[in-house]
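What follows is a set of notes on a single structure, which appears directly below.
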Amino acid sequence: MQLTSQALTDGEAIPLEFAEPSSGGENTIPDLAWSGAPDGTKSYALTVYDPDAPTGSGFWHWVAFDIPTSVTSIAKGGALESPAREWENDYGYKGYGGAAPPAGRTHRYIHTVHALNVEKLEVPEGATQTQARFMLMAAQIDSASITPVFSQPEED
């Protein structure tokens, strides 16, 4: 599989518009496009994960799944339509949450598309994000990622 973006590049800085408002950004979803899904793909999921967050377990910025195979991209600032579902991120709201690391530290933001072997994840409303990610990973048959970075300047 391959994941591409006009806005994001491996190892390069995430443009400010895609960061959280607390970082001076607009929390805009970056454009993402994917191709090369393996046979047996019945849906997709999208995640954004910061493994460098000082939590001991990273920070999940986006968990979206039940994306039909007819959808192979999301436009800059776009939205996912039903039957796709978005789960609560670690900020505490559903949907995409942009970068906002502590000042003075550079963090990696792993943007991943997951090819899944089911059309719909059996995740009931009210399940935790951890339960949703467990079901997502259990159904994954392939994935592709882009890992840009973001940092806040040191505070004076």
Side-chain angles (χ1 to χ4, degrees), residues 1-20 23 25-53 55 57-101 107-150:
M1 283 187 77
Q2 183 176 14
L3 178 63
T4 60
S5 174
Q6 298 298 310
L8 307 176
T9 305
D10 273 327
E12 297 294 324
I14 295 171
L16 189 58
E17 70 184 295
F18 305 109
E20 271 284 306
S23 294
E26 299 169 19
N27 210 37
T28 302
I29 293 174
D31 69 282
L32 298 169
W34 49 95
S35 60
D39 289 342
T41 300
K42 295 183 180 175
S43 70
Y44 297 107
L46 292 168
T47 58
V48 178
Y49 174 66
D50 171 3
D52 304 312
T55 64
S57 60
F59 195 94
W60 290 90
H61 289 259
W62 198 18
V63 177
F65 50 86
D66 296 347
I67 302 167
T69 56
S70 60
V71 176
T72 56
S73 66
I74 186 166
K76 174 183 165 184
L80 295 170
E81 297 181 11
S82 184
R85 296 192 291 162
E86 294 177 291
W87 226 252
E88 191 172 283
N89 59 38
D90 283 343
Y91 289 119
Y93 59 85
K94 288 185 179 184
Y96 171 83
H107 286 218
R108 295 167 291 159
Y109 293 86
I110 304 169
H111 294 65
T112 304
V113 61
H114 308 262
L116 307 180
N117 63 5
V118 296
E119 284 184 33
K120 178 176 173 49
L121 289 177
E122 295 301 322
V123 180
E125 289 298 325
T128 67
Q129 181 214 105
T130 301
Q131 291 167 315
R133 287 187 288 104
F134 178 87
M135 296 300 288
L136 186 161
M137 295 309 291
Q140 178 180 284
I141 55 176
D142 201 0
S143 67
S145 299
I146 299 171
T147 307
V149 299
F150 190 84

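Only heavy atoms go into these numbers, but all of them, side chains included; no hydrogens, no water, no symmetry mates.
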Apply side-chain contact (heavy atoms from CB on, under 4.5 Å) to residues Q129 and F134 and explain how you reach the verdict.
CA-CA 8 Å; Q129 181 214 105; F134 178 87; over 6 Å; no
Between [atom1] of [X] and [atom2] of [Y], what distance do you get to the nearest 0.5 Å?
| X | Y | atom1 | atom2 | value |
| --- | --- | --- | --- | --- |
| F150 | L16 | CZ | CG | 5.5 Å |
| I67 | T72 | CD1 | OG1 | 11.0 Å |
| T69 | L116 | OG1 | CG | 11.0 Å |
| D50 | W60 | CG | CH2 | 10.5 Å |

Assess, by modelled atom type and distance only, whether the side chains of Q131 and T128 contain a donor and an acceptor separated by less than 3.5 Å.
yes
Shortest non-hydrogen contact from A115 to M1?
CB-SD, 3.6 Å
Which atom pair, heavy atoms only, marks the closest approach of T47 to L136?
CG2-CD1, 4.0 Å
For residues 29-38, run the donor-acceptor check on the side chains, cut-off 3.5 Å, and write out each pair with its distance to 0.1 Å, sequence neighbours left out.
{"from": "D31", "atom 1": "OD1", "to": "S5", "atom 2": "OG", "distance (Å)": "3.4"}
{"from": "D31", "atom 1": "OD1", "to": "Q6", "atom 2": "N", "distance (Å)": "3.4"}
{"from": "D31", "atom 1": "OD1", "to": "A7", "atom 2": "N", "distance (Å)": "3.1"}
{"from": "D31", "atom 1": "OD2", "to": "Q6", "atom 2": "N", "distance (Å)": "2.7"}
{"from": "W34", "atom 1": "NE1", "to": "V71", "atom 2": "O", "distance (Å)": "3.3"}

Any side-chain heavy-atom pair of S143 and H114 under 4.5 Å:
yes
Find out whether D66 and L121 are in side-chain contact, i.e. whether some heavy atom of one side chain is under 4.5 Å from a heavy atom of the other.
yes
Does the ring center of Y109 lie less than 6.0 Å from the ring center of H111?
no
Would you check, one step at a time, whether the test side-chain contact (heavy atoms from CB on, under 4.5 Å) holds for Y49 with T112?
CA-CA 8 Å; Y49 174 66; T112 304; over 6 Å; no
Does K120 form a side-chain contact (heavy atoms from CB on, under 4.5 Å) with F65? I'd like the steps, not just the answer.
CA-CA 8 Å; K120 178 176 173 49; F65 50 86; over 6 Å; no
For E119, check side chain to side chain contact (heavy atoms under 4.5 Å, CB included) against everything at least two apart and list the hits.
K42
Does K76 come within less than 4.0 Å of E26, counting only side-chain N to carboxylate O?
no
